[in-house]
Amino acid sequence: MKNLESNICSHIHKAIVSIGKVASEQLSEISLQATKVEFEGDFTLVCFQFTRLLGKNPEQIGNEIGGYLLENCSDIENFNVVKGFLNLSVKDSSWKKEFLDFGDSEIWKGLPGKSERILIEYSSPNTNKPLHLGHLRNNFLGYSLSELLKFAGYDVVKANLVNDRGIHICKSMVAYMESGMTETPESSGMKGDHFVGKYYVQFDQILKSQVAELVKNGVSEDLAKEKAPVSIKAKKMLLDWESGDKEVLGLWKTMNGWVYKGFEATYKRMGVDFDKFYYESDTYILGKDVVDEGLASGVFFKKEDGSVWIDLTNEGLDQKLVLRSDGTSVYITQDIGTAELKFKEFKMDRSVYVVGNEQDYHFVVLFHILRKLGRSYAKGLHHLSYGMVDLPSGKMKSREGTVVDADELMDEMVNTAKERTSELGKIADFEANELNELYEVLGLGAIKYFLLKVDPKKRMMFNPQESIELNGNTATAIQYTHARISAISRKAIQQGLELKLTAIPDSLEKSEKDLLKHLLKFESIVLEASTEYSPAVIANYLYETSRLYNSFFAHESIFQASTAEKVQFRVALSVKSGEVIRACGKILGIVMPERM
RNA sequence: GGUCCCGUAGCUCAGCUGGAUAGAGCAACUGCCUUCUAAGCAGUAGGUCUUUGGUUCGAAUCCAAACGGGAUCACCA
């Protein structure tokens, strides 16, 4: 699309210069839009924008530019002006050339490399409970953003900062100790992360009963929460952990080990991976030297009690603590330190944090701090902030048991895919392992697409009662389109037909032209998605591709086309569509099956 | 209360760098499988784009305010 469209634009530019006798610098960039179906033409130029510059009415302008193009631009066959809109019809030969260039290109292997490295931090789980639906959105977003940027030519590093320490882990540990430490994931047959999560929930139950007891004896609720024996134990355990108590560290390692084993299985099933793991137990001490540096340079200041702050009132924010009065770190201290560590290790040009929007403020502050500290990497920082996944009952709350567990959801969707597949009964000749692989691909694809097609920054709704759809705007329907295309190319190979797009028939059916024009947009869509950090852009484009292909498929017969040339062309068009669908699927982490 | 995000069809979402009659899917209703995969296609119906002002030749899109929903404002992470 690039060549044809930009060529026309540059001619329009010249036309305006020649018509209005204006300096070419006075013109901003010309952009065209696709002509609406109700009108004749391929591209439309909106002429109102030039009325002031040229001192003429839009109709006149349209006619004059149209006339100029007809004479000077070899791509234009005809034009018409409706109100202020100049509709341009492109010659079939120009379209043909454009389509053939596209047929030659191998753009779906990825865009040319850009010597820029981007580090993407995502997932970042707590090690005290299993992953839930919210984590799925985070993981799929982070993974597909990484794939998207890789595809766009960047050097991408995927990092996971595991939150493996803190009071929440101590809670699981305390509850486990209270239970007598008799069972293990092995003995109970539970997945490690679910096993530890069970004790985290148990802690809360013990706490509740102890608080109730204290309240009955006249203690206020707030105080009771603090004074409950398990609360005290958890706090003491955190201190013991920090002072390196052998026993506590031992239990901590054991329990985290169980969780990691569970996470590993879940990550594998989700199809996400990481190049680098950071652990907060290593990084939580970092950042203090940077605070010292900032104090010396005057970016931070110290209050009488010894606490260290940054004043962001000039930025429209308030004062923010960066070091406690006792000299210990807070959350943001660690993040400063971790940012330094990442840069030291990877020298990345950009750094993206895939973190929920409840931390918007935190990242605004963090980025301000790093900028004020004069860090070279500060301009490349970006918070990919995504909205929560809501249930019809409202927010997910682990304590109220209203979470949708990631492992369970994946099981359910794979199962739904299985039921549907056997209902349709098309794959009777599949081996058992092929079948299971297909169910997995369909179930996981459905969840991924469901979560990725929505603009990341928006909150979204998930209704666990109705399982994720398999008809309509879903991964399943897209995967189906791909399977269909694969069937076409199998048959074409059998018949010894050429799969490459090497020739374009003189006249194209509407559905063919629409599909081709849409496929041409692929590169610019990838660029748009990567500059906006939005896999949703890819997902929506992918769906449109699938829809247009299906429409073409339903309207035109491929192997029964009137001429051999048309058969060849339609086969090649199908193959191309399949390539684009697969490329989008790869970016989204959705596998496209050959048969289903 | 301050700050930030969101508000489009009954439901879930596109469209938002201003352009012609606002698009999909689900749900409802009609058609289409003796011919390449009907998990599909074609159609009907469904809209004061939360409201009110402003900017503009032109606003779902930009600006302001109001209303509604959410997040956040800890020496928690």
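Each chain gets a letter, A, B and so on, in the order the sequences are listed, and its residues count up from 1. Computed from heavy atoms alone, side chains included, the values below leave out hydrogens, waters and symmetry copies.
- Stacking of A:Lys521 on the aromatic ring of A:Tyr541 is not recorded, the 6.0 Å distance cut-off and the 45° axial limit not both being met.
- Glycosidic conformation at B:C33 (O4'-C1'-N9-C4 for purines, O4'-C1'-N1-C2 for pyrimidines): syn, within 90° of 0.
- Among the nucleotides B:C36, B:G40, B:C13, the one closest to any side-chain atom of A:Val454 is B:C13.
- Protein atom NE2 of A:His362 is 17 Å distant from nucleotide atom C1' of B:U3, rounded to whole Å.
- Of the possible polar contacts, none joining the A:Thr44 side chain to the A:Ala34 backbone as a donor-acceptor pair under 3.5 Å is found.
- A donor and an acceptor atom, one from each side chain of A:Arg459 and A:Asn357, are nowhere located under 3.5 Å apart.
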Bracket notation of RNA chain B in which parentheses pair within the strand, [ ] cross earlier pairs, and | pairs with another strand (Watson-Crick or G-U, under 3.5 Å): (((((((..((((.....[...)))).(((((.......))))).....(((((..]....))))))))))))....

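- The C1' atoms of B:G68 and B:U8 are separated by 15 Å, rounded to the nearest whole Å.
- Checking B:A77, B:U12, B:A20 against the side-chain heavy atoms of A:Glu38 singles out B:A20 as nearest.
- Between the side chain of A:Asn138 and the main chain of A:Ser123, a donor-acceptor pair closer than 3.5 Å is present.
- At a threshold of 4.0 angstrom between heavy atoms, the contacts of A:Glu358 are confined to the sugar-phosphate backbone, with no base atom among them.
- For A:Arg459, whose side chain is taken as the heavy atoms from C-beta onward, the closest listed nucleotide among B:G70, B:A77, B:G40 is B:G70.
- Atom CG in A:Leu497 sits about 12 Å away from atom C1' in B:C36, given to the nearest Å.
- Checked against B:A77, B:A20, B:G40, the side chain of A:Asn163 finds its nearest nucleotide in B:A77.
- Proximity of a side-chain donor or acceptor of A:Gln479 to a complementary backbone N or O of A:Val591 within less than 3.5 Å is detected.
- Using a 4.0 Å cut-off, no side-chain N or O of A:Asn463 falls inside it from OP1 or OP2 of B:U12.
- You'll find that the side chain of A:Ser551 is closest to B:C41, out of B:C36, B:C16, B:C41.
- Residue side chain A:Asn87 reaches the base of B:A20 through a donor-acceptor N/O pair under 3.5 Å, judged by distance alone.
- Between the NE2 atom of A:His383 and the P atom of B:C5 there is a distance of 13 Å, given to the nearest Å.
- Ranked by how close their nearest RNA chain B nucleotide is to the 5' end, A:Asp318 and A:Asn473 are led by A:Asn473.
- As judged by a 4.0 angstrom heavy-atom cut-off over every strand, A:Glu528 is placed among residues making no nucleic acid contact.
- Contacts of A:Tyr543 with the nucleic acid, taken as non-hydrogen atoms under 4.0 Å apart, involve only primed sugar atoms and P, OP1 or OP2.
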CA sep, side-chain torsions, deciding dist, call: A:Arg137, A:Met460, side chain to side chain contact (heavy atoms under 4.5 Å, CB included): CA-CA 10 Å; A:Arg137 191 176 194 191; A:Met460 62 181 295; 3.6 Å; yes

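- Here the side chain of A:His362 pairs no donor or acceptor atom with the backbone of A:Ile332 at under 3.5 angstrom.
- Using the six-membered ring where Trp is involved, A:Phe277 and A:Tyr279 have ring planes that are parallel, under 30° apart on the 30 and 60° scheme.
- Distance CE (A:Met461) to C1' (B:G70): 13 Å, rounded to an integer number of Å.
- When distances are taken from the side chain of A:Asn471 to each of B:A24, B:G70, B:C26, the shortest belongs to B:C26.
- To the nearest whole angstrom, the two P atoms, one in B:A66 and one in B:G58, are 27 Å apart.
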Stepwise side chain to side chain contact (heavy atoms under 4.5 Å, CB included) test for A:Ser124 and A:Tyr353: CA-CA 10 Å; A:Ser124 307; A:Tyr353 296 80; over 6 Å; no

Stepwise side chain to side chain contact (heavy atoms under 4.5 Å, CB included) check, A:Leu148 with A:Tyr533: CA-CA 8 Å; A:Leu148 169 63; A:Tyr533 299 103; over 6 Å; no

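- Residue A:Thr474 has no polar side-chain atom (N or O) positioned under 4.0 Å from OP1 or OP2 of B:G25.
- Picking from B:C73, B:C5, B:A24 the nucleotide with the shortest atom distance to the side chain of A:Lys457 gives B:C5.
- Counting non-hydrogen atoms under 4.0 angstrom, A:Thr421 reaches a base of the nucleic acid.
- At least one side-chain nitrogen or oxygen of A:Arg324 sits closer than 4.0 Å to the OP1 or OP2 atom of B:A77.
- Between B:A20, B:A77, B:A38, one nucleotide has an atom nearer to the side chain of A:Phe553 than all others, and that is B:A38.
- Put simply, A:Phe39 rests on the base of B:A20: the two rings are less than 5.5 Å apart at their centres and nearly parallel, under 30°.
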Under 4.0 Å protein heavy-atom contact, by nucleotide of nucleotides 55-61 of chain B - B base, S sugar-phosphate only: --B----

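- In summary, the aromatic rings of A:Phe450 and A:Phe462 are positioned with their centroids under 6.0 Å apart.
- Within 4.0 Å of A:Met460, counting heavy atoms only, lie sugar-phosphate atoms of the nucleic acid but no base atom.
- Residue contacts for A:Lys458: at a heavy-atom cut-off of 4.0 Å it reaches a base atom on one of the strands shown.
- Stacking between A:Phe85 and the base of B:G19 is absent under the criterion of ring centres within 5.5 Å and planes under 30 degrees.
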